[in-house]
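All values reported here derive from a predicted model rather than from experimental measurement.
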Amino acid sequence: MAKYEQWLTEEGLLQLEAWARNGLTDEQIASNMGICRSTLNEWKKKYSDISDTLKKGKEIVDIQVENALLKRALGYTYTEVTKERIVDTGQKKRHGGETELTEQEWFFAQKYFNGKCAYCGEYTSHPTKDHIKPLISGGTLRMDNVLPCCQKCNSSKKDNEMMSWFEAQKFYKPERMSRIIDYVNLVLSLKSMPSATSELVVTKVVTKEVIPDTTAQIFWLKNRKPEEWRDKKDVEHSGTVNNPFAALSTEQLLTLAGDED
């Protein structure tokens, strides 16, 4: 089999595309193929599969870089997830036929609210378990219905519906209500908590913002709109410049120069 034929196979073309996608130059690709640059150029002219594959790989990289640059220029948000190892004792209680929180799940809830009462926002060293939907109204003892709160708030809320009670309190803040809602949605999105001793547990989910980068913006605009954004612009001048000495002879110019001395 001629040497070029191995690069026309499915495996060969995939390898060429991967090299191009990884940003290798034609010279580097030719070296990897065991040929010289001029031979690769001849093969690209003669075999369209090789040429098209290399072009496709490079275009993918260009698009990825372009998208990354645009994202950096405009700014973006991302979610940062913190995970910690938590030992679960596995202790469970029974109440009304339902399983209460495990030690692990309860610890997760406390960590999410940073050791504070979910309602008033005060730090509490001995948080109590409050049920968003009271048990008397059909609420469960599961993770998505239990919040850590201080004894004072728990005693005040009793069997009241959470939202109406919370909004009536002087310490009510919309951002704390939003955090409670985010917590419930997060818990519902988790199919199950990681097992006790060997896995990491999500303890914090934070949305962060990366502000637009002016350097990336300038780079983008200089390349996309060079006529408007490049540093040096060529300015064309039209018309003539009148030179009052143009009509004088050399002798007259020398005479003028002598008069100035």
| Euclidean distance, Ser51 OG relative to Leu16 CG, rounded to 0.5 Å | 11.0 Å

| query | Measuring from Cys149:SG to His131:NE2, what's the distance to the nearest 0.5 Å? | reply | 10.0 Å

| query | So, Ser155 side chain and Gln151 main chain: donor-acceptor pair closer than 3.5 Å or not? | reply | yes

| query | Hey, is the main chain of Ser164 close enough, under 3.5 Å, to the side chain of Glu161 for a donor-acceptor pair? | reply | yes

| Has the side chain of Ser137 got a donor or acceptor atom that lies under 3.5 Å from a matching backbone atom of Lys133? | no

| Going through the distances and angles, do Asp26 and Lys58 end up as a salt bridge (Lys or Arg N to Asp or Glu O under 4.0 Å)? | CA-CA 10 Å; Asp26 281 358; Lys58 291 178 180 180; 2.6 Å; yes

| task | For the pair Leu147 and Ile132, evaluate side chain to side chain contact (heavy atoms under 4.5 Å, CB included) and give the outcome as yes or no after the intermediate values. | result | CA-CA 7 Å; Leu147 295 176; Ile132 298 174; 3.7 Å; yes

| query | Does OH belonging to Tyr47 count more than 12 external heavy atoms closer than 6.0 Å? | reply | yes

| Looking only at heavy atoms, what is the nearest atom pair of Pro212 and Leu74, with distance? | CG-O, 3.2 Å

| query | Ile50 versus Leu8: any side-chain heavy-atom pair under 4.5 Å? | reply | yes

| message | Which heavy atom of Met33 sits nearest to which heavy atom of Trp19, and what is that distance? | response | CG-CZ3, 3.8 Å

| field | Closest contact, heavy atoms only, Lys44 versus Leu54 | value | CD-CD1, 3.9 Å

| said: Using only atom types and a distance under 3.5 Å, with no angle test, would you say the side chain of Asn160 pairs donor to acceptor with the backbone of Lys157? | reply: yes

| message | What verdict does the side chain to side chain contact (heavy atoms under 4.5 Å, CB included) test give for Leu24 and Asn32, after you've listed the backbone C-alpha separation in whole Å, the side-chain angles of each residue and the deciding distance to 0.1 Å? | response | CA-CA 10 Å; Leu24 272 65; Asn32 287 348; 3.2 Å; yes

| request: Check for a donor-acceptor pair, side chain of Arg37 on one end and backbone N or O of Ser31 on the other, with a separation under 3.5 Å. | output: no

| request: Report the C-alpha distance between Val210 and Thr77 in whole Å, list the side-chain angles of each, state the deciding distance to 0.1 Å, and finish with yes or no for side chain to side chain contact (heavy atoms under 4.5 Å, CB included). | output: CA-CA 6 Å; Val210 177; Thr77 60; over 6 Å; no

| said: Using a 3.5 Å distance criterion without hydrogens, assess whether the side chain of Gln217 forms a donor-acceptor pair with backbone atoms of Ala73. | reply: yes

| query | Rounded to the nearest 0.5 Å, how far apart are CG of Leu40 and CH2 of Trp7? | reply | 10.0 Å

| field | Transitive ILVMFWY side-chain link Ile136 to Val146, under 4.5 Å | value | no

| said: Please tell me whether Val81 and Phe113 are part of a single hydrophobic cluster in this structure, the criterion being side-chain heavy atoms less than 4.5 Å apart. | reply: yes

| said: Looking at Glu27, I'd like to know if its CD atom is crowded, meaning that more than 12 non-hydrogen atoms belonging to other residues, nucleotides or ligands lie closer than 6.0 Å. | reply: no

| said: Donor-acceptor pair, distance only, cut-off 3.5 Å: does the side chain of Ser156 make one with the backbone of Cys153? | reply: no

| task | Answer yes or no: is there a side-chain heavy-atom contact under 4.5 Å between Met143 and Tyr183? | result | yes

| Rounded to the nearest 0.5 Å, how far apart are CG of Leu69 and OG1 of Thr215? | 10.5 Å

| query | Of all heavy-atom pairs between Cys150 and Cys117, which one has the smallest distance, and what is that distance? | reply | N-SG, 3.4 Å

| query | Can we call the ring centroids of Trp165 and Tyr119 under 6.0 Å apart? | reply | yes

| request: May I ask you to decide if Leu141's main-chain N or O and Asn145's side chain share a donor-acceptor pair within less than 3.5 Å? | output: no

| How far apart are the C-alpha atoms of Glu59 and Lys55, what are their side-chain angles, what is the distance that settles it, and do they pass the side chain to side chain contact (heavy atoms under 4.5 Å, CB included) test? | CA-CA 6 Å; Glu59 285 178 348; Lys55 183 178 180 181; 3.1 Å; yes

| request: Establish, for the pair Arg176 and Phe171, whether the NZ or CZ atom is under 6.0 angstrom from the six-membered ring centre and no further than 45 degrees off its axis. | output: no

| Side chain of Lys3, backbone of Gly34: donor and acceptor closer than 3.5 Å? | yes

| field | Main-chain N/O of Gly12 paired with Gln15 side-chain donor or acceptor, under 3.5 Å | value | no

| field | Nearest atoms (heavy-atom pairs only) where Asn154 meets Asp130 | value | OD1-OD1, 3.6 Å

| Heavy-atom check, side chain of Asn114 versus side chain of Arg179, under 4.5 Å | yes

| Shortest non-hydrogen separation from Leu186 to Tyr112 and the atoms involved | CD2-CE1, 3.8 Å

| said: Surrounding CD of Glu10 (heavy atoms of other residues, nucleotides or ligands, distance under 6.0 Å), is the total greater than 12? | reply: no

| field | Over-ring placement of Lys208 relative to Tyr78, 6.0 Å and 45° cut-offs | value | no

